[in-house]
Amino acid sequence: MSEQQRPLALVVLISGRGSNLRAILDAIEHGELPATVSAVISDRATAGGLEYASRHNIDILALDPADYPDRESYDRALQGLIDAFDPGLVVLAGFMRILSAGFVQHYRQRLINIHPSLLPALRGLHTHRRAIEQGLGEHGASVHFVTEELDGGPVIVQVRVPVLPGDTAERLAARVLEQEHRLYPLAIRWLAEGRVRWQDDQLLFDGQPLQQPLQLNSNALQPDR
Ligand code: GRF
């Protein structure tokens, strides 16, 4: 497996508890992810994940949308903060804001998100409740590159989680979240190692075009961790 020489520098954007951020930091700490988190930035100063990151001696920053007249000016300020760290990858981990087109274009091919559904199903909010309401047998999470289309960019990898009889949105969300914590560090690892690439409008895995998103638990692909 080809390892890049230097660890991939990440800037992670969060809005809340930051459990995915924790999973990423744990994977780095355990030597499972050749990356460093240069900074964690939040649109909410009270986000729990900020405190966790600061305890790990990571630079933390909060940028309050109320201080900016519109989305574009906020996103420009955010971009300035991020670029000061010169990241190789910008990681959205529960960052609850719609991003302007200029921001998304600036980070094209180095901006990823984790979304709690089997995209393209259930874009947007309240995915767990909607999965139950729609009687879906299967739910899950997806890691995808971010494009201007909300939750619409190319999907790298997904994990499937069965919807069980009697599931509540909370119970289902908890089981999906547990899987997100495996999924996100692995996807970032593949990017850090150069195994996943988005090149000329085509996602590649180990140099081969990816026709379908990778599946975390499938037999066709046994992730080596
Ligand atoms: C996760 O469910 C993620 O899929 C979604 O927002 C939630 C963030 O949770 N985008 P956390 O802050 O990482 O705990």
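Here the structure is a predicted model, which is why all the values come from computation and not from measurement. Order of appearance sets the numbers: ligands from 1, and atoms from 1 within every ligand.
Remark: Asp86 engages no residue in a side-chain contact (heavy atoms from CB on, under 4.5 Å) (not counting sequence neighbours). Residues satisfying the side-chain contact (heavy atoms from CB on, under 4.5 Å) test with Arg97, not counting sequence neighbours, are Asp43, Pro65, Arg71, Tyr74, Asp75, Phe95.
Formation of a donor-acceptor pair under 3.5 Å by the Ser15 side chain with backbone atoms of Met96 is found in this model.
A cation-pi arrangement is absent between Arg197 and Trp190, since the terminal nitrogen or guanidinium carbon is not both under 6.0 Å from the aromatic centre and inside a 45° cone about the axis.
For the atom pair Thr147 OG1 and Leu111 CG, the distance stands at 9.5 Å (nearest 0.5 Å).
Ring orientation note: the planes of His139 and His128 are nearly perpendicular, at an angle over 60° on the 30°/60° scale.
Looking only at heavy atoms of the protein, atom 3 (C) of ligand 1 is closest to Glu180 OE1, 3.2 Å. The protein heavy atom nearest to atom 9 (O) of ligand 1 is Arg17 NH2, 3.2 Å. When hydrogens are left out, the protein atom nearest atom 12 (O) of ligand 1 is Gly18 N, 2.9 Å; that is the closest non-hydrogen contact. Of the protein's heavy atoms, Gly94 CA, 3.6 Å lies nearest to atom 8 (C) of ligand 1. Among protein heavy atoms, the minimum distance from atom 10 (N) of ligand 1 is reached at Ile114 O, 2.9 Å.
Residue-to-ligand polar distances keep Asn113 apart from ligand 1: every N/O pair is separated by 3.5 Å or more. Of the N or O atoms in Ser19, one or more lie within a sub-3.5 Å distance of an N or O in ligand 1.
Ligand 1 has no atom lying under 4.0 Å from any heavy atom of Ala141.
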